[in-house]
Chemist: 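Can you read through this structure? Questions will come right after.
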There are 2 protein chains.
Amino acid sequence: MLDDLNERSKQILEAIIEDYIITAEPVGSRTITRRHPFALSPATVRNVMSDLEEMGFLASPHTSAGRVPTDKAYRFYVDSLLAVRQVSRSERDEIRRRCRINGHDIGSVLRDTSKMLSYISHYMGVVVAPRFAAAVLRQIEFVQLSGRRILVILVAQSGTVQNKIIESDEDISADDLNRMTNYLNGLLQGLTIAQIKSRIVEEMENEKTRYDRLMAKALELSQQTVGDADSEIFLEGRVNIMDVPEFADIGRMKEIFRAFEEKNQLVNLLNRCMDADGINIFIGSESRVSQMSDISLITSTYRTGRNSIGVLGVIGPTRMGYAKVIPIVDYTARLVSRLLESE
Amino acid sequence: MLDDLNERSKQILEAIIEDYIITAEPVGSRTITRRHPFALSPATVRNVMSDLEEMGFLASPHTSAGRVPTDKAYRFYVDSLLAVRQVSRSERDEIRRRCRINGHDIGSVLRDTSKMLSYISHYMGVVVAPRFAAAVLRQIEFVQLSGRRILVILVAQSGTVQNKIIESDEDISADDLNRMTNYLNGLLQGLTIAQIKSRIVEEMENEKTRYDRLMAKALELSQQTVGDADSEIFLEGRVNIMDVPEFADIGRMKEIFRAFEEKNQLVNLLNRCMDADGINIFIGSESRVSQMSDISLITSTYRTGRNSIGVLGVIGPTRMGYAKVIPIVDYTARLVSRLLESE
DNA sequence: ATTAGCACTCCTTGGTGCAGAGTGCTAAAC
DNA sequence: GTTTAGCACTCTGCACCAAGGAGTGCTAAT
């Protein structure tokens with residue numbers, strides 16, 4: 001079906017998409033012939049456009065408006081037409097300038113990355129913190145806040161820190177707490193959180209530990225801490241989408257903000273991106289999230305070693321500068337990967 | 001000047017404000033007499049309203065609209081007219097249900113608190129994390145990520161955790177790192193971060209430490225970590241203000257969102273609230289932030305012991321249900337104070 | 001001091017009429 | 001057979017106007 005498109009149709013489709021990306025106005029046959037040196041008359045273009053509409057690549061808001069690319073058109077554009085630009089030297093510098101790890105915690109680095117993405121793309125930046133369940137434990141620490149209230153700090157290999165306050169049902173002496181810490185570090189270091197969960201259960205049933213009150217206690221406490229935390233999401237540059245003319249009406253805007261405020265849906269969507277390595281693009285309805293019509297998502301995974309550990313990207317209108325944004329997301333993901341490498 | 005207001009005028013002003021809070025429409029003389037059993041004719045009310053306008057309590061958008069309370073009117077209302085309600089039993093339950101500390105880190109607790117404030121008030125909730133500079137250090141930990149990259153974890157008395165990644169200019173052995181940790185904990189525990197800063201400088205000039213490479217190194221590293229972090233702000237429920245009719249136009253909305261996205265201004269404003277203990281109310285222009293016209297801020301400080309350590313509150317239109325929101329903010333601040341007490 | 005009455009002002013809503021942009025079709029040109 | 005010029009038609013956006021409604025301010029009567 002896509003093969004039906006001859007070279008000329010492709011060129012015209014591309015011209016329409018690129019024009020629409022710039023102007024955000026339905027584009028008519030005249031406009032195309034004026035802005036592109038095709039040596040074709042408007043009438044011819046009209047015929048081609050009519051065909052393209054038939055095939056589902058274009059839609060007309062109403063009879064006498066120009067035409068607008070459909071999600072299908074963008075998909076085709078991204079897959080076949082688009083010549084991905086390289087990140088320019090100045091963009092690279094800008095990106096690196098805004099992502100510095102030294103003297104910060106991982107959280108701020110990721111937030112800054114998200115801000116950078118939004119700033120540079122003029123849309124929204126999104127970064128999902130490394131999912132902790134897959135993280136490898138480097139160290140566990142207990143800090144006593146009061147007799148029974150204990151602060152547990154988990155440090156992952158990547159430098160991500162997670163902490164929780166838990167309540168013990170009895171007082172624990174500082175000495176005991178120390179012994180527990182050592183015991184648990186020996187037992188759990190180097191395992192992923194997922195592995196740790198089952199390891200704890202295993203160990204709890206172990207004869208030796210069952211009768212050692214202290215160890216039993218330690219296991220019980222650590223079990224409280226490794227509950228599944230939902231990974232943090234840094235969504236920055238919300239205001240940018242207020243400048244997008246497609247979303248200028250207050251109702252639509254409200255809908256979008258509501259969808260992103262309650263982050264569940266976004267989490268699900270981004271988790272889907274985790275599965276596929278590298279660049280991932282959802283165009284409009286492809287995301288299967290109803291509020292995401294006219295919204296596209298460009299993501300890439302970042303990794304330590306061979307494992308993808310998180311996702312970052314840009315959220316904008318389907319009418320987005322793909323040629324510019326895709327390489328930026330790609331480059332940023334590589335950069336973050338490198339930053340998080342512990343070496 | 002305020003004494004000029006006789007009982008009747010006050011009643012009418014109160015009626016206008018409360019009507020306007022509910023309807024968001026300029027209120028006319030007819031409406032007042034209909035909704036309130038004053039036994040006064042519209043004409044009389046008109047005369048009073050005219051006086052009130054003269055005195056700066058009311059303004060008319062245009063000749064033939066009703067009248068709208070000014071910031072001055074709200075201020076008078078809040079100070080003199082308002083009978084603050086108690087938090088209802090069910091509100092109390094709701095608030096407590098949504099603020100649980102067990103099994104979470106302080107950050108999530110504060111975020112949840114902010115969400116709760118926005119949910120219950122229908123406006124935006126804001127919570128400023130305890131400012132770290134005033135916090136008392138409970139413990140410092142170093143975790144080696146790689147030879148030179150070190151994760152520093154600071155735990156405050158309140159259970160707040162701050163961590164940073166720093167880069168050392170030479171490799172440090174695990175043993176040395178341990179010794180450094182012990183040394184620093186002995187030196188710095190129980191001091192506030194502010195005190196720690198000067199203590200480090202002091203110690204660096206000390207004869208003993210100057211010639212002990214390890215200690216000198218430790219001081220140098222710790223100095224990197226106690227740089228002034230800007231306190232985190234949890235601003236939740238942004239969408240709620242999209243439902244406020246005053247802000248329904250896209251330009252105004254953009255302005256507001258932009259003002260809150262760049263959090264500096266908000267930080268300054270909230271810091272001002274830190275200075276005064278307890279409830280603090282900024283009405284519209286009182287905040288001296290230009291984008292905050294028609295926006296009010298109700299805050300209260302929360303504390304451990306005698307010290308205010310943070311601020312929380314609600315941001316909404318000046319046309320806000322003060323009678324309901326003020327006690328909610330007050331109650332929440334007390335609750336958070338109690339939660340953070342380490343005992 | 002209060003109120004009824006009335007003229008006046010201003011916003012809102014709905015209708016009308018054009019100008020502009022774009023299409024689809026047909027017939028002519030290449 | 002493809003391309004193009006020409007033309008009728010459609011739809012939006014905008015300006016303009018008129019009528020209706022809400023509310024005020026003033027004056028004169030109670």
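Throughout, a chain's letter reflects where its sequence line sits, starting with A, and its residues are numbered from 1. Please read all numbers here as calculations on a predicted model, not as lab measurements.
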Chemist: Does B/Thr31 reach the main-chain N or O of B/Val27 with its side chain, forming a donor-acceptor pair under 3.5 Å?
Modeler: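 Checking the backbone N and O of B/Val27 against the side chain of B/Thr31, no donor-acceptor pair under 3.5 Å is found.
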Chemist: Reckon B/Thr31 touches a base, only the sugar-phosphate, or nothing at all at heavy-atom distances under 4.0 Å?
Modeler: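 Answer is sugar-phosphate: B/Thr31 comes under 4.0 Å of backbone atoms only.
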Chemist: Once you round it to whole Å, what is the distance between C1' of C/dG24 and NE2 of A/His62?
Modeler: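 It is 16 Å, rounded to the nearest whole Å.
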Chemist: Taking the side chain from A/Asp330 and the backbone from A/Ser300, do they hold a donor-acceptor pair closer than 3.5 Å?
Modeler: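 Looks like no, no N/O pair under 3.5 Å.
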Chemist: Can you tell me the distance, in whole Å, between the CG atom of A/Leu40 and the C1' atom of C/dC30?
Modeler: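 Those two atoms, CG and C1', are 14 Å apart.
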Chemist: Rounding to an integer number of Å, can you tell me how far A/Asn47 CG sits from D/dG1 P?
Modeler: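 It works out to 16 Å between those atoms.
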Chemist: For A/Glu54 and C/dT23, what is the distance between atoms CD and P respectively, to the nearest whole Å?
Modeler: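 Taking atom P of C/dT23 as the reference, CD of A/Glu54 is at 16 Å.
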Chemist: Would you kindly compare A/Ser29 and B/Thr44 by the position of their nearest DNA chain C nucleotide and give the one closer to the 5′ end?
Modeler: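 Mapping each residue to its closest nucleotide by heavy atoms, the 5'-most match is B/Thr44.
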Chemist: Using a cut-off of 4.0 Å on non-hydrogen atoms, how would the nucleic acid contact of A/Ser60 be classed: base, sugar-phosphate, or nothing?
Modeler: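 Nothing, no heavy atom under 4.0 Å.
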Chemist: Any side-chain N or O of A/Arg46 below 4.0 angstrom from OP1/OP2 of D/dT4?
Modeler: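 Answer no for this pair, as no side-chain N or O of A/Arg46 is under 4.0 Å from OP1 or OP2.
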Chemist: What I want to check is whether an N or O donor and acceptor connect the side chain of B/Arg30 with the base of D/dG23 at under 3.5 Å.
Modeler: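 In this structure, the two groups form no donor-acceptor pair.
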Chemist: Check this for me: does the side-chain of A/Ser64 come within 3.5 Å of the base of D/dT10 through a donor and an acceptor?
Modeler: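 Present.
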Chemist: Does a side-chain N or O from A/Arg67 land closer than 4.0 Å to OP1 or OP2 of C/dG24, or not?
Modeler: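 For C/dG24, OP1 or OP2 has a side-chain N or O of A/Arg67 closer than 4.0 Å.
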Chemist: Would the base of C/dC10 count as contacting B/Thr63 through its side chain, where contact means a donor and an acceptor less than 3.5 Å apart?
Modeler: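 Not at all, since no donor on one side and acceptor on the other fall under 3.5 Å apart.
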Chemist: Output the single nucleotide from C/dT23, C/dT3, D/dT24 whose closest atom is nearest the side chain of B/Met49.
Modeler: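 Selected nucleotide: D/dT24.
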Chemist: Could you check whether any side-chain heavy atom of A/Phe257 comes within less than 4.5 Å of a side-chain heavy atom of A/Arg238, counting everything from C-beta outward?
Modeler: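 Yes; the side chains approach each other to less than 4.5 Å.
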Chemist: Using 30° and 60° as the class boundaries, would you call the ring planes of A/Phe76 and A/Phe57 parallel, tilted or perpendicular?
Modeler: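 Answer is tilted, since the angle falls between 30° and 60°.
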Chemist: Take atom CD of A/Glu7 and atom C1' of D/dT2, then tell me their distance rounded to the nearest Å.
Modeler: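 My rounded result for the distance is 18 Å.
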Chemist: Expressed as a whole number of angstroms, how long is the span from B/Glu53:CD to D/dG23:C1'?
Modeler: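 One finds 12 Å between C1' of D/dG23 and CD of B/Glu53, rounded.
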Chemist: Compute whether any side-chain donor of one residue and acceptor of the other, for B/Ser50 and B/Asn47, lie under 3.5 angstrom apart.
Modeler: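 Distance-only check fails for B/Ser50 and B/Asn47.
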Chemist: How many Å lie between CZ on B/Arg35 and C1' on D/dA22, as a whole number?
Modeler: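 Spelled out: CZ on B/Arg35 to C1' on D/dA22 is 14 Å.
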Chemist: Would you indicate which nucleotide in C/dG24, D/dT3, C/dT3 comes nearest to any side-chain atom of B/Ala43?
Modeler: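 So the side chain of B/Ala43 is nearest to C/dT3.
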Chemist: Could you tell me how far apart A/Leu58 (CG) and C/dG24 (C1') are, to the nearest whole angstrom?
Modeler: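 A/Leu58 atom CG is separated from C/dG24 atom C1' by 16 Å.
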